[in-house]
Number of protein chains: 2
Amino acid sequence: MPKETFYNLDGAKQRRIFQAAVQEFSRRSFNEASINQIIKQAGISRGSFYQYFQDKEDIYLYMLTEIGKEKTAAIEQVRQQRPAGDDFFAALLQMTEAALDWARAMPQYNQIGMRMILDDSEFIIKLRQLSPAAVNQFITLIERDQKRGLIKSDVKPELVIDVIMVLMQHCLKEYYQSADYAGMLQQAKKIFAIIKHGIAAPKSTGE
Amino acid sequence: MPKETFYNLDGAKQRRIFQAAVQEFSRRSFNEASINQIIKQAGISRGSFYQYFQDKEDIYLYMLTEIGKEKTAAIEQVRQQRPAGDDFFAALLQMTEAALDWARAMPQYNQIGMRMILDDSEFIIKLRQLSPAAVNQFITLIERDQKRGLIKSDVKPELVIDVIMVLMQHCLKEYYQSADYAGMLQQAKKIFAIIKHGIAAPKSTGE
DNA sequence: TTGTCATATGACATACTTGTCATATGCAAA
DNA sequence: TTTGCATATGACAAGTATGTCATATGACAA
């Protein structure tokens, strides 16, 4: 919640400040990030900064909500272009592609998201606990597939989501280092196959 | 590689300094950690610190090797008490229990390990790349089980290890917050079951 | 032109950090 | 006792950071 004065600024300047924040918060952890760097990058004075924002937490939250808006819009676009598959794994794959797309297009935003997951400063921990996590939709999908007899009924949907989220994060992190889009997608598919079918050899029934 | 002067110190003082480092590096990231805190905690003067160590990296490396020694000893002990199971999943479970034991007994050490995985300061990244990771043993186990027909032959052992390592880290992280030993072990088992058998319902063969 | 008011500015106080260095201390040998 | 050497110390310089505040600026109204 920036102060009124910030919103009175013309759009270009707001944007400049936003982008300076993105740059700094994607480069360093919340604690390490420096307001000095942000104002230098944005080309505003120290005094002005405190006229716009309460403190570092304030501009961080502002930046997050801005990114959130853009992300929602982007996801909506993907969803319209490629309608969701009809089972859990199809939907999962679609989401994975969307996530990779996002990471590729907005590396800094993704970096910030990454940091948020890893960062363990008090503020970020508090913040993370509030995050809603749009997982409910997937839980519903799993439950439906369980009723349809596609997924074992004795696994807990929450656990599956948990496992998959963790692995997805890992893939994104790897993608950062390798920057190999196709390879990463390939690997994600293999991982999902493991989750789907397991690694144990079939018990000499089909063989 | 601390300086000679450090090793000339009597054991108690060395230990005090080591523990001060553990405390600080488990509390804050490498970049955020402060030498001031360490010397205050250890009860030595600023000047002395620089007589013992080159800089922050130096004491960090020293601390890591010390922890490494202790860990190796602890693992050896576990291995002797509980001999490894004869297939991959048995060995995996044993390792999980060992890891949880370790985390419970040495929360700070584990915290440091955790930080090392997450930390993205230049120094830590460089350091992490050097780490050998004692995964080879597990890869061998998987390959053996593949030959024995227990594990599908078309999965890449490296990928499986990767997936499991990531999930294990996640479990440890969760364990930190919940501090529920039994519950965590239970969850780990369920996760391994997913890896083993998958979540897809059997194709109307057994039902 | 003058008055008013929102906004912009950077100097400042304060509080941290790291690494150095002149000096002090204490021990051991001569 | 005196000499000499290893070690201990904290003041210091130089850098970083944050948040405040008196003052300057510029735009618009009277």
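Sequence lines set the chain letters: A, B, ... in the order given, protein chains first and strands last, and positions in each chain run from 1. These numbers were taken from a predicted model, which means no experiment stands behind them.
If you check C/dT9, D/dT7, D/dA17 against the side chain of B/Q51, the one that comes closest is D/dT7. Which of C/dA8, C/dT18, D/dG19 sits closest to the side chain of A/D55 comes down to D/dG19. Residue A/S48 has its side chain nearest to C/dT9 when only D/dG19, D/dA8, C/dT9 are considered. With D/dA11, D/dA8, D/dG19 as the candidates, the nucleotide lying closest to the side chain of B/R46 is D/dA11. Between D/dA8, C/dT9, D/dA17, one nucleotide has an atom nearer to the side chain of A/Q37 than all others, and that is D/dA17. Ranking D/dA17, C/dT18, C/dG10 by closeness to the A/S45 side chain, first place goes to C/dG10. Of the candidate nucleotides C/dA8, D/dT18, C/dT18, C/dT18 has the atom nearest to the side chain of B/Y50.
Distance CZ (B/F49) to C1' (C/dG19): 10 Å, rounded to an integer number of Å. Here C/dC16 presents its P atom at 15 Å from CG of A/N31, a figure rounded to the nearest Å. Rounded to an integer number of Å, the gap from B/K40 NZ to D/dT9 C1' is 17 Å.
Heavy atoms of B/Y52 sit under 4.0 angstrom from primed sugar atoms or phosphate atoms, though from no base atom.
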Do any N or O atoms of the protein come closer than 3.5 Å to N or O atoms of nucleotides 22-29 of chain C, and which pairs are they?
none

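Comparing the end axes of the helix from C/dT1-D/dA30 to C/dA30-D/dT1, each fitted to five base pairs by superposing C1' atoms of four pairs onto the next four, gives an inter-axis angle of 30° (nearest 10 degrees).
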